[in-house]
Each structure stands twice: as structure tokens, then as C-alpha cells.
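Note that the coordinates shown come from a computational prediction; the quantities given were computed from them, not determined experimentally.
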Amino acid sequence: MERMTADRTLIVMRHAAAGDLPGGPDVERALRPRGRQDAAAAGRWLAVRGIRPDRVLCSPARRARQTWQHVGAELAAAPEVIAEARLYRAGPRELLEIIGSLAGAAQTLLYVGHNPAAADATELLIGRPVEFPAAGIAIIDIKVPWPDLITGAGDGAGDLITSWSPGQVS
């Protein structure tokens, strides 16, 4: 049985599948139809498990914002959403620093962003690699206060509760 409650829960989500934007800026790439479907499926998966974020930290990239829109439409919650510019190009340690500084009093925080930062930050927290396909999710029980996330990374700061990817049987 999956344990779905913790003092602090971090939901790490890679944005859903996006299309190309030939000649356009990468930040403006939009979700493909499959990406919209996968993001909605991710939201339903979270909703069925009663997992609802108190706060969302979202990359300002169009594909990440659209991913959150489709996930959020499936949840019966209206969390505070912060579109943080630094999340777009953050490496894994910077990502953990940003999360630690912006989590506030959230019990459950959702990060919607990019690889390789999502996979690498998750590995730093749980001590082993996790695959992150487009729209993939890892739910992590965080054992340290949010501001201590980066200093606790690599020292068992988190435990993987569960993960999900598109096409996975619920």
C-alpha cells in the first residue's frame, strides 16, 4: 500500500509532451494534443489519490504553464501558483534552493518544470535515479524543513512515496 501523507510532500512533475517551434523561442513551445491528454491524466491520477498541492511552483515556459492548467483542472483545489523565472533554466541544486525558499508554509508543493533538473533533483533527494518521461511525476516525502532542502540533499532528505508516468495503469 502506498503511503500518501507526510509532514511535507514534494510533487515533482516534468512538463507534458510539447511540440517544436521552428524559429521560435524554446520558452514558447506549446503542448501537443498528447501532452494535453497526459497532463489531464496526471491530474486525475493525483485527484483519485487525494493529493492536492497547497502551492505550485511552475516554470514560466508555455509548456509547463499549460501542463499545470490541465493538471489543475482535474483537482478540486485552487492553490497559490508562482511562475518563477529562475525555474526555466535551473539546475538540480538551484531548483532545490528555489523550492526551499518559496515553499513557505505549504504542506504539499508541486513543481512543474523541466528535465534534467526534475530527475536530477529527485535523485539528490531520494538517493537513486527515477525516470522522468514527459508528464512524469514523483511524489517525495520530505524529511527536512523546506529551507533545509538543499543542505539535506544527498543525506536522505526525502523518500520516494510513488511515481507515475503516462500510459501507466492506475
Side-chain angles (χ1 to χ4, degrees), residues 4-18 25-31 35-36 38-47 49-126 130 132 134-153 157-158 160-161 163-164:
M4 291 296 178
T5 59
D7 288 340
R8 279 170 298 286
T9 302
L10 175 61
I11 306 164
V12 178
M13 182 174 191
R14 181 180 174 193
H15 66 77
D26 179 71
V27 73
E28 289 301 322
R29 290 175 42 221
L31 292 184
R36 292 189 295 270
D38 290 345
R44 287 189 298 275
W45 182 83
L46 290 168
R49 284 154 185 76
I51 301 169
R52 290 170 178 76
D54 304 318
R55 179 172 282 182
V56 176
L57 300 182
C58 188
S59 164
R62 184 177 183 187
R63 60 196 179 273
R65 289 180 289 121
Q66 288 176 327
T67 297
W68 164 245
Q69 288 172 344
H70 289 283
V71 169
E74 300 293 331
L75 301 175
E80 176 185 14
V81 179
I82 300 171
E84 172 56 52
R86 296 175 294 163
L87 294 173
Y88 179 60
R89 297 202 186 275
R93 292 194 172 276
E94 184 181 8
L95 173 57
L96 293 178
E97 288 173 359
I98 294 166
I99 291 170
S101 69
L102 295 179
Q107 179 181 354
T108 302
L109 183 126
L110 169 62
Y111 158 72
V112 182
H114 311 277
N115 250 0
D120 293 346
T122 298
E123 184 173 350
L124 283 172
L125 291 172
I126 69 169
V130 173
F132 264 96
I137 293 174
I139 300 180
I140 304 168
D141 175 4
I142 300 298
K143 300 181 200 175
V144 298
W146 293 118
D148 297 339
L149 207 54
I150 189 63
T151 57
L160 182 67
I161 297 171
S163 61
W164 178 87

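- Between Met13 and Pro53 there is no side-chain heavy-atom pair separated by less than 4.5 Å.
- Of all non-hydrogen atoms in Gly158 and Ile140, the two that sit nearest each other are CA-CG2, 3.9 Å.
- Checked against Glu74 for a salt bridge (Lys or Arg N to Asp or Glu O under 4.0 Å), the options Arg36, Arg52, Arg49, Arg44 give a single hit: Arg44.
- Considering CD1 of Ile11 and OG of Ser163, their distance stands at 13.0 Å, rounded to 0.5 Å.
- Residues Ala134 and Ala16 share a closest heavy-atom pair of CB-C, 3.9 Å.
- In this structure, the side chains of Arg86 and Leu102 come closer than 4.5 Å at one or more pairs of heavy atoms.
- Leu75 and Gly43 make their closest contact through CD2-O, 3.5 Å (heavy atoms, listed as atom of the first residue, atom of the second, distance).
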Exercise for the section: Go through Leu10 and Trp146 one step at a time and tell me if the side-chain contact (heavy atoms from CB on, under 4.5 Å) criterion holds. Expected result: CA-CA 10 Å; Leu10 175 61; Trp146 293 118; 4.1 Å; yes

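- Here the shortest heavy-atom pairing between Asp38 and Ala135 reads CB-CB, 3.9 Å.
- Residues Ile99 and Ile150 are not in side-chain contact: their nearest non-hydrogen atoms beyond the backbone lie 4.5 Å or more apart.
- With sequence neighbours left out, the salt bridge (Lys or Arg N to Asp or Glu O under 4.0 Å) criterion links Arg14 to no other residue.
- Once rounded to the nearest 0.5 Å, the distance linking CD1 of Ile161 with CD1 of Ile51 reads 7.5 Å.
- Judged as a side chain to side chain donor-acceptor pair (under 3.5 Å), and not counting sequence neighbours, the contacts of Glu80 are Arg55.
- Between Leu124 and Pro92, the closest heavy-atom pair is CD1-CB, 3.9 Å.
- Taking a cutoff of 4.0 Å between a charged side-chain nitrogen and a carboxylate oxygen, Arg63 and Asp26 qualify as a salt bridge.
- Atom CZ of Arg62 sits about 9.0 Å away from atom CG of Leu31, to the nearest 0.5 Å.
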Extract all donor-acceptor atom pairs below 3.5 Å that involve side chains of residues 112-122 and protein atoms in other chains or at least two apart in sequence.
{"from": "His114", "atom 1": "NE2", "to": "Ser59", "atom 2": "OG", "distance (Å)": "2.7"}
{"from": "Asn115", "atom 1": "OD1", "to": "Ala119", "atom 2": "N", "distance (Å)": "3.0"}
{"from": "Asn115", "atom 1": "ND2", "to": "Phe132", "atom 2": "O", "distance (Å)": "3.1"}
{"from": "Thr122", "atom 1": "OG1", "to": "Ala118", "atom 2": "O", "distance (Å)": "2.8"}

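- With hydrogens and angles ignored, the 3.5 Å screen pairs no side-chain donor or acceptor of Trp164 with any backbone N or O of Leu46.
- When every heavy atom of Ile98 is checked against every heavy atom of Leu87, the shortest pair comes out as CG2-CD2, 3.7 Å.
- Glu84 is not listed as a side-chain neighbour of Leu57, based on a closest heavy-atom distance of 4.5 Å or more.
- Between the side chain of Arg65 and the backbone N or O of Pro60 there is at least one donor-acceptor pair closer than 3.5 Å.
- In this structure, CD1 on Ile142 lies 8.0 Å from OG1 on Thr9, to the nearest 0.5 angstrom.
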